[in-house]
Amino acid sequence: MSKAGNSRAFRKVDVDQFDEDKYEEQDDENEQVSGPNESDVNALLAQGKNADALKSALKNAPVGSKDQKLKSKAVQLVTRVLTSFKSSEIDQCVKSLDSVTLDLLMKYIYKGFENPSEGSSGALLTWHEKAFALGGLGTIMRVLTDRKCV
């Protein structure tokens with residue numbers, strides 16, 4: 001009998017670290033998310049700069065935050081910005097967004113569908129149509145499969 005056959009060193013290897021089905025969510029505790037600056041967004045809306053207001057609202061989205069109050073406040077703010085657009089301005093604004101921001105916008109659209117406010121459903125459907133036309137099915141799949149929600 002060989003010495004290698006009696007060795008027990010292989011039992012000290014943690015085989016669970018190689019398991020594909022084992023998923024551990026990475027917590028970004030160092031990341032402080034303050035959410036969108038409501039006063040800046042309101043100022044841009046008052047000036048009629050709706051596209052800049054939308055970009056400002058999407059800039060500091062509380063995606064990784066666990067604070068539900070902050071997330072719902074951000075959803076209300078983005079929904080208010082989206083409903084302030086005229087239907088003729090939506091297409092131009094959507095075309096100015098990059099793919100990551102477009103995915104984030106689609107997350108807010110779906111969150112707005114979950115909790116509709118007075119008159120927001122029609123505007124959100126228009127936004128969804130324009131965002132889908134630009135991003136395609138990939139945008140919807142990335143939003144629906146992403147673990148980090150708004």
Side-chain angles (χ1 to χ4, degrees), residues 11-150:
R11 294 181 186 212
K12 294 180 181 165
V13 174
D14 183 19
V15 294
D16 288 333
Q17 72 181 359
F18 302 111
D19 188 12
E20 293 176 1
D21 295 330
K22 183 181 174 189
Y23 175 76
E24 293 180 12
E25 191 163 337
Q26 299 172 355
D27 291 332
D28 296 329
E29 306 243 347
N30 300 335
E31 206 176 294
Q32 294 293 329
V33 180
S34 61
N37 190 345
E38 190 170 356
S39 61
D40 287 348
V41 173
N42 288 335
L44 289 168
L45 284 175
Q47 296 172 3
K49 298 179 179 178
N50 294 340
D52 293 334
L54 179 63
K55 289 177 184 175
S56 178
L58 295 175
K59 188 173 18 176
N60 293 325
V63 176
S65 176
K66 294 182 181 179
D67 185 9
Q68 285 304 116
K69 191 179 235 185
L70 178 66
K71 286 184 174 187
S72 65
K73 191 175 179 181
V75 168
Q76 290 173 353
L77 181 65
V78 171
T79 304
R80 191 173 76 227
V81 171
L82 292 177
T83 56
S84 69
F85 274 82
K86 296 177 184 173
S87 59
S88 61
E89 300 173 334
I90 294 174
D91 197 31
Q92 181 183 3
C93 182
V94 168
K95 287 180 180 176
S96 71
L97 300 176
D98 62 340
S99 64
V100 174
T101 311
L102 188 64
D103 290 350
L104 185 60
L105 172 65
M106 194 66 94
K107 285 182 183 184
Y108 277 111
I109 291 170
Y110 283 128
K111 191 57 111 169
F113 284 148
E114 286 180 19
N115 302 313
S117 61
E118 190 70 30
S120 68
S121 297
L124 290 175
L125 280 171
T126 305
W127 276 97
H128 187 273
E129 176 190 0
K130 301 296 183 182
F132 174 71
L134 184 67
L137 284 175
T139 300
I140 294 174
M141 292 305 297
R142 285 188 296 274
V143 168
L144 294 178
T145 59
D146 194 7
R147 292 183 181 265
K148 294 182 179 179
C149 60
V150 292

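Position 1 is the first residue of the sequence, and the numbers go up from there.
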Examine distances only and state if a side-chain atom of [X] and a backbone atom of [Y] form a donor-acceptor pair shorter than 3.5 Å.
X: T145; Y: M141; value: yes
X: S84; Y: V81; value: yes
X: K130; Y: C93; value: no

Non-hydrogen atoms of [X] and [Y] that approach each other most closely:
X: A61; Y: Y108; answer: CB-OH, 3.5 Å
X: P36; Y: A57; answer: CB-O, 3.4 Å
X: T79; Y: G112; answer: OG1-CA, 4.5 Å
X: T83; Y: A123; answer: CG2-CB, 3.9 Å
X: A131; Y: L102; answer: CB-CD1, 3.9 Å

Once rounded to the nearest 0.5 Å, what's the spacing between atom [atom1] of [X] and atom [atom2] of [Y]?
X: S120; Y: L125; atom1: OG; atom2: CG; value: 9.5 Å
X: F113; Y: L124; atom1: CZ; atom2: CG; value: 5.0 Å
X: L54; Y: E89; atom1: CG; atom2: CD; value: 11.5 Å

Close side-chain approach of [X] and [Y], heavy atoms under 4.5 Å:
X: L104; Y: V150; answer: yes
X: K107; Y: V78; answer: no
X: K73; Y: E38; answer: yes
X: L105; Y: L82; answer: yes
X: K71; Y: C149; answer: yes

Please list, chain by chain and in numerical order, all residues satisfying side-chain hydrogen bond (donor to acceptor under 3.5 Å, both in side chains) with [X], sequence neighbours excluded.
X: D52; result: none
X: E129; result: none
X: S99; result: none

Just checking W127 against F85, ring centres under 6.0 Å apart?
yes
Not counting sequence neighbours, which residues clear salt bridge (charged side-chain N to carboxylate O under 4.0 Å, His left out) with K55? List them please.
none
Just to verify, what does Y110 make a ring pair (Phe, Tyr, Trp, His ring centres under 6.0 Å) with, not counting sequence neighbours?
H128
Sequence-distant partners of T126, side-chain contact (heavy atoms from CB on, under 4.5 Å), two or more places apart:
I90
Would you call D91-K95 a salt bridge at under 4.0 Å N-O?
yes
Do other residues, nucleotides or ligands put more than 12 heavy atoms under 6.0 Å from the CD atom of Q92?
no
Evaluate the side-chain contact (heavy atoms from CB on, under 4.5 Å) criterion for residues V41 and K59: first the C-alpha distance (whole Å), next the side-chain angles of each, then the deciding distance (0.1 Å), finally the verdict.
CA-CA 11 Å; V41 173; K59 188 173 18 176; over 6 Å; no
